[in-house]
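Read the structure below first, then the notes.
No hydrogens, no waters, no symmetry mates; every other heavy atom, side chains included, goes into these values. None of the values given here were measured: they were computed from a predicted structure.
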Amino acid sequence: MIAEMTGKTLQKKMFFRFFTRLAAMILLVCLEVTVSGAITLSNREVEALKKIGSVLGKTDWNFSVDPCSGEKGFDNSVSCDCSFANNTLCHVIGIALKGQNLSGSLPPELIRLPYLQELDLSRNYLNGSIPPEWGSTKLKLISLLGNRISGPIPIELGNITTLTNLTLSSNLLEGTLPPELGNLLHIEKLDFASNNLTGVLPSTLANLTKLKDFRVGDNQFSGSIPNFIQKWTHLEKLFIQGSGLDGPIPSAIASLTELTDLRISDVKGNFSSFPPLSSAKNMNTLILRSCNIDGPFPLYLGLMKNLEVLDLSFNSISGPVPSSFVASPDIHFIYLTSNFLTGAVPHWMVDSKANIDLSYNDFTPGSSKASTLQKPNLNMFNSEGNQMSTHSCSQNSRRPQYWYSLHINCGGKEHEVGGKHFENDTEVGGSANFFQSSTNWAVSSTGHFLDDTRTDSYTVTNSSRISGNSPELYMNARLSPLSLTYYGFCLLNGNYTVNLHFAEIMFTEDRTYSSLGRRIFDIYIQGKLMLEEFNIEDEAGGVNKPIIKRFPVKVIDNTLNIRFYWAGKGTMDMPVRGVYGPLISAISVDPDFTPPEHRDALSAGAKIGIVIAVLLIVCFLRVILRLICSLCDTLGRAFWALQLLWIRIIIQKTSFKLVDSRIFNVQTFSFTLEQIKAATNNFDVANKIGEGGFGCVYKGNLLNGQKVAVKQLSSQSEQGSREFVAEIGIISGLQHPNLVKLYGCCIEANQLILVYEYMENNSLAHALFGPEEHQLKLDWPARYNICVGTARALAFLHEESILKIVHRDIKSTNVLLDKNLEPKISDFGLAKLYEEVNAHTRTRIVGTL
């Protein structure tokens with residue numbers, strides 16, 4: 001009995017102790033979580049936050065207040081759920097530290113926050129690798145966009161089965177994608193863009209059937225775009241720009257009926273037809289750029305009524321744009337640049353308010369009014385034939401003019417730098433824009449900045465100081481989100497040096513996320529890839545540092561093409577969205593040859609010596625060839641053909657200086673037949689002002705407005721060939737006010753042409769005996785002046801010039817009158833050198849009627 005009572009007493013004591021301890025524990029918990037009656041965070045998680053902040057470099061968290069209280073000190077960077085323990089206990093469920101330039105590393109201590117669901121550390125300066133310890137968390141969102149995270153993606157991330165969003169873009173991650181990522185069965189967004197990832201996309205990714213957003217652009221992946229993407233039937237966004245993956249785009253993409261944003265660009269591989277996307281009726285942005293697509297333009301694109309952006313540029317799409325294709329009225333941008341589209345340009349495109357780029361196609365010339373329009377939102381350059389060949393080379397297409405240099409301050413005002421004038425390039429630009437300067441260059445811009453958080457801008461101004469020489473060239477730059485092409489036209493053919501001036505002025509040099517952007521683009525000159533994946537900052541050794549890239553270039557068709565192209569490489573969102581693509585500060589193009597007006601002219605004595613040598617050689621050859629050709633008339637005709645060829649070779653190689661047709665002086669120079677035809681309107685009969693025994697004379701206009709007289713001699717005539725040689729040999733070396741000036745000659749395409757100064761009042765014969773309406777009333781002083789002027793010219797020829805010359809054909813038709821009725825002797829075709837030592841009487845009659 002006593003033992004039974006003792007047992008009951010012991011049992012009561014044990015129960016009492018148990019409840020006493022339980023009450024104590026509850027009291028301790030209450031004391032731990034209650035401060036003045038407020039809901040609070042457990043000390044364990046507070047200590048974890050302190051450690052996490054220390055590792056991240058977050059030094060301004062104020063732990064004198066509760067992290068979950070919402071009081072000043074945490075700025076909403078920590079979010080809590082305080083519904084635990086009957087609304088008396090809080091747990092950290094989110095940490096958001098975006099754009100704070102934290103310079104620490106990623107904390108493994110996240111595992112000490114067991115309720116953490118979201119971690120957003122976007123746009124900081126964090127380094128190190130992703131801790132494998134994170135694999136034991138229950139995170140739903142991880143965003144590390146825009147940091148310096150390196151190393152491989154840990155396979156342990158595949159254990160976070162709760163994960164719905166994994167954003168690791170714009171970092172330095174390397175290695176392959178771990179197959180374990182296929183275990184993320186609840187994942188909706190995977191963003192690996194702008195890293196250094198390699199290898200193929202693991203086939204286990206086919207398991208991610210809830211995926212809505214997949215981005216792998218700007219990496220070094222290998223293999224083809226996988227067929228297993230057909231399993232992602234809920235996919236809405238697919239970005240594969242500059243990823244390294246090969247084409248073709250698999251036909252399995254037809255299964256992705258929920259797509260709203262498809263961006264695939266710069267894939268290699270064989271050509272393929274347009275991918276089947278007719279079921280994606282909710283498409284908003286469709287970019288299939290440089291994807292080796294050929295074949296016709298698909299009709300079903302007109303059924304995408306939500307389409308706002310269509311970019312099919314740099315493919316091989318051929319045939320006409322179907323007349324039944326009319327884009328959505330809400331469409332803002334259409335890029336069909338550089339395809340093989342033919343037929344007529346649809347009228348709705350010409351009238352549309354959308355930005356449309358149709359440059360570099362083969363539309364039927366004049367098939368629409370598009371070619372006559374100058375619309376800032378419609379780029380038709382080289383879309384209806386080779387527009388470069390129709391550039392007028394001057395203010396008047398009949399007066400061709402050529403340059404031998406090019407200097408542009410891209411995006412900035414004009415400047416004088418190093419004795420060179422850099423022209424301004426301050427046009428606003430646009431997404432489908434073509435601008436032609438008043439001189440010899442033009443610029444074409446294609447593309448708009450995708451997802452840009454700023455207003456689209458195609459020029460940028462630097463707010464920092466530029467080191468080095470000529471800083472004024474680097475204070476502004478021209479931008480392009482896709483393709484930027486500068487054209488130099490009407491350049492003299494020859495070898496040039498192209499200098500491209502760069503400075504990265506949109507990133508900073510401090511240790512912040514604003515310094516982490518990577519601008520990468522390709523450079524083409526004359527259609528040839530000169531630099532691939534060019535990075536201004538890397539090449540220059542930092543930001544705000546100028547660098548000049550020099551390239552030797554040969555111009556063979558009077559045109560120069562310099563193109564900067566974004567191939568999907570580099571970051572697109574650092575420091576903010578829309579900072580990517582080509583950037584150029586200035587362009588200078590200089591000749592490797594001596595410019596025409598800088599060449600040293602031959603001295604008068606040298607010219608006379610060359611002319612005499614040419615005459616002697618020609619005369620000697622004529623004597624020899626006459627003896628041979630006397631055998632038959634056929635050989636006689638061959639004699640004149642050989643003589644003409646010899647004349648061309650001698651004169652082209654030794655006689656005269658070739659100068660830029662913009663520079664006019666008294667020295668004889670060579671014209672091209674194209675220039676002569678342009679000056680005379682192709683020897684228009686309306687410009688004919690005279691006709692002699694050996695050729696016709698036409699009025700012409702040179703590029704600088706100078707009027708000339710063009711004599712077209714017969715190359716088949718012995719007398720015509722003789723007159724051509726005599727005129728050049730005699731009159732080119734003589735200068736006298738009463739001798740007509742010879743400006744130049746042309747030996748091309750079986751033509752012998754002489755170019756003289758233009759005499760407004762024709763000849764004396766025309767003034768005295770011509771049609772009555774053209775006869776001049778010459779008073780006695782005028783007639784006296786004509787006689788004296790003619791006599792002075794003859795006296796100069798006979799006695800005063802270095803060469804003593806007898807004209808042998810003085811008559812009223814060979815005395816020309818300028819606008820002041822000053823006489824000038826012309827036509828030296830029959831003139832002879834007067835050799836005083838061997839002078840003797842000649843009895844042969846010469847002259848013309």
**Report entry** Cation-aromatic face contact Arg563/Tyr524, 6.0 Å, 45 degrees
**Finding:**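 Yes, Arg563 lies over the aromatic ring of Tyr524.
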Assess the pair [X] and [Y]: is the distance between their ring centroids shorter than 6.0 Å?
| X | Y | value |
| --- | --- | --- |
| Tyr580 | Phe449 | yes |
| Phe74 | Phe63 | yes |
| Phe502 | Phe534 | yes |

Do [X] and [Y] come close enough that some side-chain heavy atom pair is under 4.5 Å?
| X | Y | result |
| --- | --- | --- |
| Asp522 | Phe564 | no |
| Leu484 | Ile562 | no |
| Leu201 | Phe228 | yes |
| Leu110 | Leu119 | yes |
| Ile287 | Ile264 | no |
| Ile142 | Ile160 | yes |
| Ile293 | Leu288 | yes |
| His91 | Glu45 | yes |

Polar contact flag, side-chain donor to acceptor under 3.5 angstrom, [X]-[Y]:
| X | Y | answer |
| --- | --- | --- |
| Thr260 | Asn284 | no |
| Asn127 | Ser105 | no |
| Ser431 | Asn355 | yes |
| Asp294 | Ser318 | no |
| Ser169 | Ser194 | no |
| Asn292 | Asn315 | no |
| Trp61 | Ser77 | yes |

Report task. Go through the steps for Ser265 and Ser290 under the test side chain to side chain contact (heavy atoms under 4.5 Å, CB included), then give the verdict. Result -> CA-CA 6 Å; Ser265 76; Ser290 190; 5.5 Å; no
**Report entry** side chain to side chain contact (heavy atoms under 4.5 Å, CB included) between Leu173 and Asn196, intermediate numbers included
**Finding:** CA-CA 6 Å; Leu173 296 169; Asn196 296 315; over 6 Å; no
[X] side chain vs [Y] backbone, donor-acceptor pair below 3.5 Å:
| X | Y | value |
| --- | --- | --- |
| Asn171 | Leu144 | yes |
| Lys569 | Asn219 | yes |
| Thr176 | Thr198 | no |

Can you tell whether the side chains of [X] and [Y] come within less than 4.0 Å, N to carboxylate O?
| X | Y | result |
| --- | --- | --- |
| Lys549 | Glu539 | yes |
| Glu537 | Arg519 | no |
| Arg44 | Glu47 | no |
| Arg263 | Asp451 | yes |
| Asp311 | Arg289 | yes |

Gap separating the [atom1] atom of [X] from the [atom2] atom of [Y], nearest 0.5 angstrom:
| X | Y | atom1 | atom2 | result |
| --- | --- | --- | --- | --- |
| Asn282 | Met304 | CG | CE | 10.0 Å |
| Tyr125 | Ser514 | OH | OG | 11.0 Å |
| Thr164 | Lys212 | OG1 | NZ | 10.0 Å |
| Asn195 | Ile153 | CG | CD1 | 7.0 Å |
| Leu256 | Leu235 | CG | CG | 5.5 Å |
| Leu301 | Ile331 | CG | CD1 | 9.0 Å |

Requested in this report: Given ring pair (Phe, Tyr, Trp, His ring centres under 6.0 Å), test Tyr115 with Phe84 step by step and report yes or no.
Outcome: CA-CA 11 Å; Tyr115 294 89; Phe84 297 91; 4.9 Å; yes
Report task. For the pair Ile130 and Leu106, evaluate side chain to side chain contact (heavy atoms under 4.5 Å, CB included) and give the outcome as yes or no after the intermediate values. Result -> CA-CA 6 Å; Ile130 300 174; Leu106 299 179; 4.0 Å; yes
If you count heavy atoms of other groups shown closer than 6.0 angstrom to [atom1] of [X], is the number above 12?
| X | atom1 | value |
| --- | --- | --- |
| Lys51 | NZ | no |
| Phe340 | CZ | no |
| Asp60 | CG | yes |
| Lys58 | NZ | yes |
| Lys189 | NZ | yes |
| Lys50 | NZ | yes |

Work out which heavy atom in [X] is nearest to a heavy atom in [Y]; give both atom names and the distance.
| X | Y | result |
| --- | --- | --- |
| Ile187 | Leu166 | CD1-N, 3.9 Å |
| Pro154 | Pro132 | CB-CA, 4.2 Å |
| Pro546 | Tyr474 | CB-CZ, 3.5 Å |
| Leu102 | Gly57 | CD2-O, 3.9 Å |
| Ser338 | Asn361 | N-ND2, 4.1 Å |
| Arg148 | Leu516 | CG-CD2, 3.6 Å |

Report task. Start with the C-alpha distance between Tyr458 and Arg478, add both sets of side-chain angles, then the distance that settles side chain to side chain contact (heavy atoms under 4.5 Å, CB included), and finish with yes or no. Result -> CA-CA 6 Å; Tyr458 297 87; Arg478 184 162 290 281; 4.2 Å; yes
Report task. Apply the test side chain to side chain donor-acceptor pair (under 3.5 Å) to residues Asp573 and Ser170: give CA-CA distance (whole Å), side-chain angles for both, the deciding distance (0.1 Å), then the verdict. Result -> CA-CA 8 Å; Asp573 44 25; Ser170 299; 2.8 Å; yes
Query raised in the report: Under 2.5 Å between the SG atoms of Cys80 and Cys90?
Result: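 With an SG-SG separation of 2.5 Å or more, Cys80 and Cys90 do not form a disulfide.
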Report task. Walk me through it: do Thr485 and Ser444 pass the test side chain to side chain donor-acceptor pair (under 3.5 Å)? Result -> CA-CA 5 Å; Thr485 307; Ser444 176; 5.5 Å; no
